[in-house]
Amino acid sequence: MVEKYNTNERESHWREYWQENEIYKFNPQSAKPFYSVDTPPPYVSADHLHIGHIMSYSQAEFIVRYKRMSGFEVFYPMGFDDNGLPTERFVEKKYNINKNKISRPDFIKKCLEETKIGSQTYRKLWELLGISVDWSKIYSTINNHSQKISQWSFIDLYNKGKMIRKDEPTFWCTTCQTALAQADLEDKEEKSFLNYINFKAVDSGKDLLIATTRPELIPACVALFLNQNDHRYSDLIGQKAMIPFFNYEVPIIADESVDIDFGTGLMMVCSWGDSEDIKKVKEFNLPIRTILNMDGKLNSLAGEFAGQDLLLARKNILTKLKEQNYLQKQEPIRHVLKIHERCGIPVEIIKTKQWFIKVLEDKDDLLAQAEKMNWYPLFMKQRYIDWVKTLKWDWCISRQRYYGVPFPVWYCQDCGEVILPDVSDLPVDPTMPQSKINTCPKCDSKNITGEKDVMDTWMTSSMTPLIVSRLFENKVIQEKLYPSSLRPQAFEIIRTWLFYTVVKSLYHFNNVPFFDIMISGHGHDEKGQKISKRLGNYVPPEQIVDQYGADALRYWATGANLGENLKYNENEVKKGKRTITKLYNAAAFCFSHFKDQDYSHLDLENLSSEDKWILNQLNETIEKVTTHFDSYQYAKAKNEIDDFFWSTFCDNYLEFVKYRLYQEEPDQIAKQVLYQILLAIIKMYAPIMPYITEEIYHLYFDKLEKEKSIHLSAWPKPIADLIVDSKESEEFEKVIAIIGEIRKYKSEKQLSLGKVIPEFSTKIKVKPEYIEFIEAVAKVEKVVIY
RNA sequence: GGGUCUGUAGCUCAGUUGGUUAGAGCGCUUGCUCGACACGCAAGAGGUCAGUGGUUCGAAUCCACUCAGACCCACCA
């Protein structure tokens with residue numbers, strides 16, 4: 001009876017062992033080729049970690065461990081994304097405050113406190129899971145190191161003419177009170193009404209029916225548009241229209257872009273309802289009537305509705321229009337709104353001064369970059385391409401917020417000069433009083449103010465490959481680490497993290513930021529629903545680890561191919577647990593026969609048929625598993641190893657060799673083969689189940705291989721010089737078939753497999769020299785071929 | 001409207017460049033404590049490979065269309 005493997009006790013033992021012995025520490029002096037990972041820095045503001053996080057980080061880590069064993073010096077740092085709007089929103093929600101009701105320093109202090117807690121929560125979970133990060137190389141996106149690089153990025157792009165300050169209509173979140181980028185928006189389908197409202201032609205007095213979902217924007221209307229091919233309205237071109245209720249005149253303009261079939265064919269252009277309005281205002285040089293304040297309330301141009309927020313104003317304006325018979329009818333419609341992904345509130349468009357990175361002018365180059373990287377899975381590249389092709393806005397990087405990386409910019413209030421600091425002075429905070437920048441270099445004015453805005457959080461995270469490589473002072477090492485070898489990430493941030501990182505790398509270095517990209521899917525609940533705190537549809541990972549072990553949970557994470565979503569499935573975790581136990585028991589069996597002697601040498605000259613049979617299968621398995629890991633297909637790798645371990649090794653080979661081991665003179669060759677097979681199995685499983693494989697390694701193999709950890713040992717190679725005669729293999733397959741017949745016979749007779757039966761007849765013709773083997777393995781006194 | 005992915009046993013999924021009788025795990029049935037393991041072992045039942053049409057000597061696999069589901073993007077006055 002073997003002593004049971006206690007996952008909790010042993011896993012925490014190895015966790016400490018790995019830490020004490022710095023098993024995963026990156027050695028920059030190593031002569032091995034580097035493999036660097038641009039680890040996703042999670043938003044520390046996620047206050048509930050669930051199996052979705054487990055899944056994506058485990059999947060990347062399988063690859064990392066594989067690479068480490070395959071002879072690479074792995075650089076696997078960890079970052080925490082703790083700046084920007086996600087963190088601010090988290091703090092606002094948690095403490096029920098908003099940025100306008102707390103001082104900037106107090107707010108930042110709260111954010112820093114929260115992110116510290118958050119990063120500790122993450123670290124604890126990653127350590128529990130056995131994520132093999134080098135914890136001496138960590139960064140946070142708000143620390144000085146990251147700020148310095150973000151600010152350098154700003155200055156470099158400014159000098160290269162890619163950074164521009166524009167005073168233009170931009171997406172605006174009235175709740176978060178900041179400008180947004182196109183990528184910060186999400187679609188939301190909503191039920192609404194298409195309102196048919198009567199305008200009037202000034203000269204003819206003719207009724208002009210306009211269909212709009214945004215009646216509250218009527219006081220912002222600057223023109224009506226129609227299609228010149230629309231014969232209903234051909235007499236109106238060049239005339240003026242009277243705005244109902246607000247009573248002012250706007251021109252009526254013809255343009256082919258107007259869809260004759262939508263609504264009434266008449267369109268009102270406001271400042272601003274959508275991107276079409278912006279286009280028309282620009283194209284036809286229309287005046288601007290801004291009615292919306294930054295806080296989402298209407299201004300005095302909205303007359304009696306001033307001070308009301310948009311939704312209230314819509315309701316009130318509709319009431320008035322109805323009272324005065326301007327509202328002809330209302331049609332219920334479903335339409336798609338652009339909402340801010342962080343707060344879910346519909347975005348507006350407001351004209352403000354913001355910093356932009358010019359991306360629209362380089363779409364072709366940005367598309368070309370996609371071809372220079374290896375995408376796993378390949379179809380995810382299409383998402384990047386689609387996004388780049390459909391981009392309509394330059395990347396707005398200014399946020400009117402508090403907690404983020406400050407812009408390294410001052411403005412001269414007299415001549416308007418943009419003043420940048422010296423790169424060697426970074427990081428800087430222009431909101432703090434400081435001495436170096438106090439005079440305008442252009443006009444000598446002392447009237448200088450610092451930029452109060454902070455940068456978009458992606459402005460920093462788009463620099464992660466550089467941030468991690470610059471954790472080293474040495475330039476040679478920096479260059480060996482950048483571009484990164486691998487970017488692992490989830491699919492929903494292709495248009496943000498991935499895209500922005502590609503932009504930066506192209507503009508700064510005319511390079512790709514990484515060579516390989518592996519895109520993971522999502523972890524879902526048992527029913528396939530997204531996991532959310534609100535639904536409470538998840539078991540805390542700590543609880544699963546406590547019950548089944550980290551190895552078992554990691555085993556579950558191999559269940560989905562790259563890019564696929566994975567449902568949580570307790571059965572798969574249990575299967576992982578059973579694999580752990582089975583490994584432990586199989587190893588115990590082998591070790592009980594090894595008795596601490598050295599069986600690492602394999603005598604290829606004296607192998608029996610079953611030895612050649614399994615060694616040949618081992619070679620094939622190693623080749624397949626290696627190929628799968630090389631192409632980031634850990635799921636296929638696991639299936640191959642499972643099949644070889646459970647079926648080929650345990651169910652067959654171990655049974656085949658027992659009689660040789662229990663003889664009075666135990667067979668030494670069998671032990672040598674067991675050594676090779678077991679060692680290869682635990683090594684192949686090591687990237688997936690680091691704890692149990694380390695345990696088994698240290699029960700025997702470490703003394704012979706002289707490695708401190710299985711995770712630093714060499715990835716198995718197929719056994720060279722193994723000559724397998726194909727006729728002999730065929731013959732052995734027949735032997736296995738006869739053993740199968742005997743097993744079936746015993747099962748049908750309800751006999752134990754251990755029960756020795758006197759005779760068994762078979763039609764399968766096998767060479768006489770195998771009869772003795774079959775009799776010994778299948779426990780038959782006499783096998784007869786007829 | 002454009003695009004991506006998915007549809008194989010009751011459930012979760014494998015099925016390599018088209019090639020005999022379509023596989024695994026879980027679940028189910030019948031047995032088995034055989035000197036690693038009952039968290040195990042052996043045997044068994046269970047599939048019109050979403051549907052239709054086509055290419056082919058041969059299709060789960062290739063092509064077209066249809067249906068169903070998931071997701072991305074765009075339009076939306």
Indicate, with a heavy-atom threshold strictly under 4.0 Å, whether [X] touches base, sugar-phosphate, or nothing.
| X | answer |
| --- | --- |
| A:Val269 | nothing |
| A:Lys338 | sugar-phosphate |
| A:Thr390 | sugar-phosphate |
| A:Lys744 | sugar-phosphate |
| A:Ile494 | nothing |
| A:Cys650 | base |
| A:Thr213 | sugar-phosphate |
| A:Glu186 | nothing |
| A:Ala586 | base |
| A:Asp274 | sugar-phosphate |

What distance, rounded to whole Å, do you find between the two [atom1] atoms, one in [N] and one in [M]?
| N | M | atom1 | result |
| --- | --- | --- | --- |
| B:rG40 | B:rG53 | P | 46 Å |
| B:rA38 | B:rC26 | P | 16 Å |
| B:rC62 | B:rU8 | P | 16 Å |
| B:rG18 | B:rC49 | C1' | 14 Å |
| B:rC5 | B:rG58 | C1' | 29 Å |

Contact list please: residues 544-551 of chain A against RNA chain B, heavy atoms, distance less than 4.0 Å, in numerical order. none

Using the test side-chain contact (heavy atoms from CB on, under 4.5 Å), find all partners of [X] that sit at least two apart in sequence or belong to another chain.
| X | result |
| --- | --- |
| A:Ser592 | none |
| A:Thr626 | A:Tyr66, A:Ile622, A:Asp630, A:Trp715 |
| A:Ser56 | A:Ser520 |
| A:Leu751 | A:Lys746, A:Lys749, A:Lys755, A:Ile757 |

Between [X] and [Y], is the ring centre distance below 6.0 Å?
| X | Y | value |
| --- | --- | --- |
| A:Tyr555 | A:Tyr548 | no |
| A:Trp395 | A:Phe499 | no |
| A:Phe594 | A:Tyr700 | yes |

Of the options A:Lys329, A:Glu331, A:Gln328, which is the one that meets A:Tyr196 in a side chain to side chain donor-acceptor pair (under 3.5 Å)?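 So the option named by the test is A:Glu331.
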
Does A:Lys280 qualify as a cation-pi partner of A:Phe225, given the criterion of NZ or CZ under 6.0 Å from the six-membered ring centre and within 45 degrees of its axis? yes

Using the six-membered ring of A:Tyr691, assess whether NZ or CZ of A:Arg554 lies under 6.0 Å from its centre and within 45 degrees of the ring axis. no

B:rA70 phosphate, OP1 or OP2: any side-chain N/O from A:Lys530 under 4.0 angstrom? no

Tell me whether the side-chain N/O atoms of A:Arg578 come closer than 4.0 Å to OP1 or OP2 in B:rG40.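 True: A:Arg578 side-chain N/O within range (under 4.0 Å) of B:rG40 OP1/OP2.
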
Set out, in order, the CA-CA distance, both residues' side-chain angles and the distance that settles ring pair (Phe, Tyr, Trp, His ring centres under 6.0 Å) for A:Tyr675 and A:Tyr599, then state yes or no. CA-CA 6 Å; A:Tyr675 178 100; A:Tyr599 291 99; 7.9 Å; no

Its dot-bracket string being built from Watson-Crick and G-U pairs below 3.5 Å, with | for another strand and [ ] for crossing, RNA chain B has the pattern (((((((..((((.....[...)))).(((((.......))))).....(((((..]....))))))))))))....

Could you state the CD-P distance from A:Glu655 to B:rC41, rounded to the nearest angstrom?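 Going from CD in A:Glu655 over to P in B:rC41 covers 10 Å.
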
Separation of A:Asn571 atom CG from B:rA24 atom C1', in whole Å?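 Computing the A:Asn571:CG to B:rA24:C1' distance gives 14 Å.
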
Pairing residues for A:Asn195 by the side chain to side chain donor-acceptor pair (under 3.5 Å) criterion, not counting sequence neighbours: A:Gln330

Below 3.5 Å is the cut-off: list the nitrogen or oxygen pairs between protein and nucleotides 3-14 of chain B, distance only.
from   : atom 1 : to       : atom 2 : distance (Å)
B:rA14 : OP1    : A:Asn561 : ND2    : 3.0

Could you go through nucleotides 19-21 of chain B and list every protein N or O atom that sits under 3.5 Å from one of its N or O atoms, giving the distance for each pair?
none

Start with the C-alpha distance between A:Phe591 and A:Phe701, add both sets of side-chain angles, then the distance that settles ring pair (Phe, Tyr, Trp, His ring centres under 6.0 Å), and finish with yes or no. CA-CA 10 Å; A:Phe591 297 153; A:Phe701 296 107; 5.7 Å; yes

Nucleotide nearest A:Asp651 (side chain, heavy atoms from C-beta), chosen from B:rA77, B:rA74, B:rA42: B:rA42

Which nucleotide sits closest to the side chain of A:Asp259: B:rC41, B:rA74, B:rA77?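 Among the listed nucleotides, the one closest to the side chain of A:Asp259 is B:rA77.
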
Closest contact, heavy atoms only, A:Leu674 versus A:Val657: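 Scanning both residues, the minimum pair turns out to be CD2-CG2, 4.4 Å.
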
What protein N or O atoms touch nucleotides 29-35 of chain B N or O atoms at under 3.5 angstrom, if any, and at what distances?
from   : atom 1 : to       : atom 2 : distance (Å)
B:rU30 : O2'    : A:Gln750 : NE2    : 3.3
B:rG31 : O5'    : A:Gln750 : NE2    : 3.3
B:rC34 : O2'    : A:Lys779 : NZ     : 3.4
B:rC34 : O2     : A:Leu753 : N      : 3.3
B:rC34 : O2     : A:Gly754 : N      : 2.9

According to salt bridge (Lys or Arg N to Asp or Glu O under 4.0 Å), does anything in residues 557-571 of chain A pair up with another residue at least two apart or in another chain? List the pairs.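 For residues 557-571 of chain A, and leaving out neighbouring residues, there are no salt bridge (Lys or Arg N to Asp or Glu O under 4.0 Å) pairs at all.
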
Go through the steps for A:Phe773 and A:Phe656 under the test ring pair (Phe, Tyr, Trp, His ring centres under 6.0 Å), then give the verdict. CA-CA 8 Å; A:Phe773 171 78; A:Phe656 293 168; 5.6 Å; yes

Under 3.5 Å, which donor-acceptor pairs link side chains of residues 376-383 of chain A to any protein atom two or more places apart or in another chain?
from     : atom 1 : to       : atom 2 : distance (Å)
A:Lys381 : NZ     : A:Glu371 : OE1    : 2.8
A:Gln382 : NE2    : A:Asp386 : OD1    : 3.2

Assess, by modelled atom type and distance only, whether the side chains of A:Ser192 and A:Glu190 contain a donor and an acceptor separated by less than 3.5 Å. no

